[in-house]
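Quick note on labels: first sequence line is chain A, next is B, and so on, each numbered from 1. We use all heavy atoms of the structure for the numbers below, so side chains are in, but hydrogens, waters and symmetry mates are not.
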Protein chains: 2
Amino acid sequence: MPGPRGPVWWHGRFRGCGYRITLGREAILHVLTRAEAHLSAEDIYLKVHPSCPSVGLTTIYRTLELLVDMGLVHKFDFGDGRARYELAEGPKKEGHHHHLVCTSCKRVINYTDFIDEELEFLKRAEEGLAKKYQFDITNHMIQFYGMCDNCRKKKA
Amino acid sequence: MPGPRGPVWWHGRFRGCGYRITLGREAILHVLTRAEAHLSAEDIYLKVHPSCPSVGLTTIYRTLELLVDMGLVHKFDFGDGRARYELAEGPKKEGHHHHLVCTSCKRVINYTDFIDEELEFLKRAEEGLAKKYQFDITNHMIQFYGMCDNCRKKKA
DNA sequence: CTGGTTAATGAAAATCATTTCCATTTATTG
DNA sequence: CAATAAATGGAAATGATTTTCATTAACCAG
Ligand SMILES: [Mn+2]
Ligand SMILES: [Mn+2]
Ligand SMILES: [Zn+2]
Ligand SMILES: [Zn+2]
């Protein structure tokens, strides 16, 4: 149930780009907004299906591509063979975090620690790199890989 | 031409794990050692083929998986639909760098700038995260995304 | 050096996430 | 409400990667 049709934070962005606001898109954003985990296209399809059975997997993929291009959603590859999607920034600014990926079980942990000193480092790096390589930097990604608690115990 | 069969830097690692040293593996490592770019499995297949036409694509995939698991090779997803591989560390310590990825043309630039302050930041982050999340961190990845010189000009 | 053991391999087939096609639907606008 | 073009769904295509299985060859003991 996508809720009342009132103006929603992302409607403006859509209208501004000349994109239409459809039931499917509404449902997909709704799921992404409430997602705890890092959802695959199929995960989203399954969550959208009960309330909007008419939305097909193709639309999920198309919408996600659109959202990624608009910068509203980030796309990740955690090594399990399917892309994972996550809202870039909600209405609340909970957002900015990075990932700890277990190479053994593919579990992913969001962390926000060290974000301050990280921001410091990133700002200078971005500036320097942009100038040196004539790159217009819009985004970054940091991931740490290793073995999680559970997997380490299993090995022992 | 995989060169003389003398002891090579990675032979020890292989023997230690009980892995056999085969012509195919020799050829694949040889290509990776000399690679300038970030090669896909097929790129490697094509480079190996002339001197070792008997090595099939399946072996390329299998060997790359092995090398990634051993930590000798890093696997990347730059968003063009195929995995890219790069030697983690050669005999010479040229290695450590990160990537600038053009989201428009998928061009990738290696950079080593800011590595010192980055290392500082990473060391502390790794320690803190390892303790807090009980993660055994073995690796990390940093990528900046944006639009490269060429692509920006085209848009203008 | 040689034969036995078993990892490694190639080719073909299977998998499966993602994309493409195209006829149909629907959001938007006046 | 009608006109228009964007958006969509379902089926088929795509294409990278994986699996299967019969064959080869690396390695080791003798
Ligand atoms: Mn996350
Ligand atoms: Mn590189
Ligand atoms: Zn794990
Ligand atoms: Zn570019």
For the pair made of [atom1] in [X] and [atom2] in [N], what is the distance, rounded to whole Å?
X        : N       : atom1 : atom2 : result
Ile60(A) : dT19(C) : CD1   : C1'   : 15 Å
Leu23(A) : dT25(C) : CG    : P     : 16 Å
Asp43(A) : dA17(C) : CG    : P     : 11 Å
Leu64(B) : dA16(D) : CG    : P     : 15 Å
Glu26(A) : dT26(C) : CD    : C1'   : 14 Å
Leu57(A) : dT20(C) : CG    : P     : 14 Å
Tyr45(A) : dG10(D) : OH    : P     : 7 Å
Leu39(A) : dT18(C) : CG    : P     : 13 Å

**Item:** Any donor-acceptor N/O pair, Arg25(B) side chain to Arg20(B) backbone, under 3.5 Å
**Value:** yes
**Asked** If only atom types and distance count, is the side chain of Thr103(B) paired as donor or acceptor with the main-chain N or O of Gly146(B) below 3.5 Å?
**Response** yes
**Prompt:** Quick one, which residues of residues 76-84 of chain B touch DNA chain D with a heavy atom under 4.0 Å?
**Reply:** Gly81(B), Arg82(B), Ala83(B)
**Request:** Select base, sugar-phosphate, or nothing to describe what Ser54(A) touches, counting heavy atoms under 4.0 Å on all strands.
**Result:** sugar-phosphate
**Asked** Is any side-chain N or O of Arg25(A) closer than 4.0 Å to OP1 or OP2 of dT8(D)?
**Response** yes
**Prompt:** Do any side-chain nitrogens or oxygens of Tyr61(B) fall under 4.0 Å of OP1 or OP2 in dT17(D)?
**Reply:** yes
**Asked** Looking just at side-chain N and O atoms, do Asp113(B) and Tyr133(A) make a donor-acceptor pair shorter than 3.5 Å?
**Response** yes
**Message:** Going by the rule salt bridge (charged side-chain N to carboxylate O under 4.0 Å, His left out), which residues pair with Arg13(B) if we only count those two or more places apart in sequence or in a different chain?
**Reply:** none
**Request:** Compute the centroid of each ring, for His140(A) and then for His98(B), and state whether the two points are separated by less than 6.0 Å.
**Result:** no
Look for any protein N or O under 3.5 Å of an N or O in nucleotides 20-25 of chain D and output each such pair with its distance, or none.
none

**Prompt:** Pairs in or reaching into residues 68-79 of chain B: which pass salt bridge (Lys or Arg N to Asp or Glu O under 4.0 Å), with residues at least two apart or in two chains?
**Reply:** none
**Request:** Any pair with a residue in residues 39-67 of chain B that passes salt bridge (Lys or Arg N to Asp or Glu O under 4.0 Å), sequence neighbours left out, goes on the list, sorted by first then second residue, please.
**Result:** Glu42(B)-Arg82(B), Asp43(B)-Arg84(B)
**Request:** Evaluate side chain to side chain contact (heavy atoms under 4.5 Å, CB included) for His97(B) paired with Tyr111(B), printing each intermediate quantity in order.
**Result:** CA-CA 6 Å; His97(B) 67 267; Tyr111(B) 74 84; over 6 Å; no
**Message:** Let me spell it out: for each of Pro53(A) and Gly18(A), pick the nucleotide of DNA chain D with the closest heavy atom. Which residue's pick is nearer the 5' end?
**Reply:** Gly18(A)
**Request:** Among the candidates dA7(D), dT8(D), dT28(C), find the nucleotide nearest to the side-chain atoms of Tyr19(A).
**Result:** dA7(D)
**Message:** Holding to side-chain hydrogen bond (donor to acceptor under 3.5 Å, both in side chains), I want the full list of residues that pass it with Lys106(A), two or more places apart in sequence or in another chain.
**Reply:** none
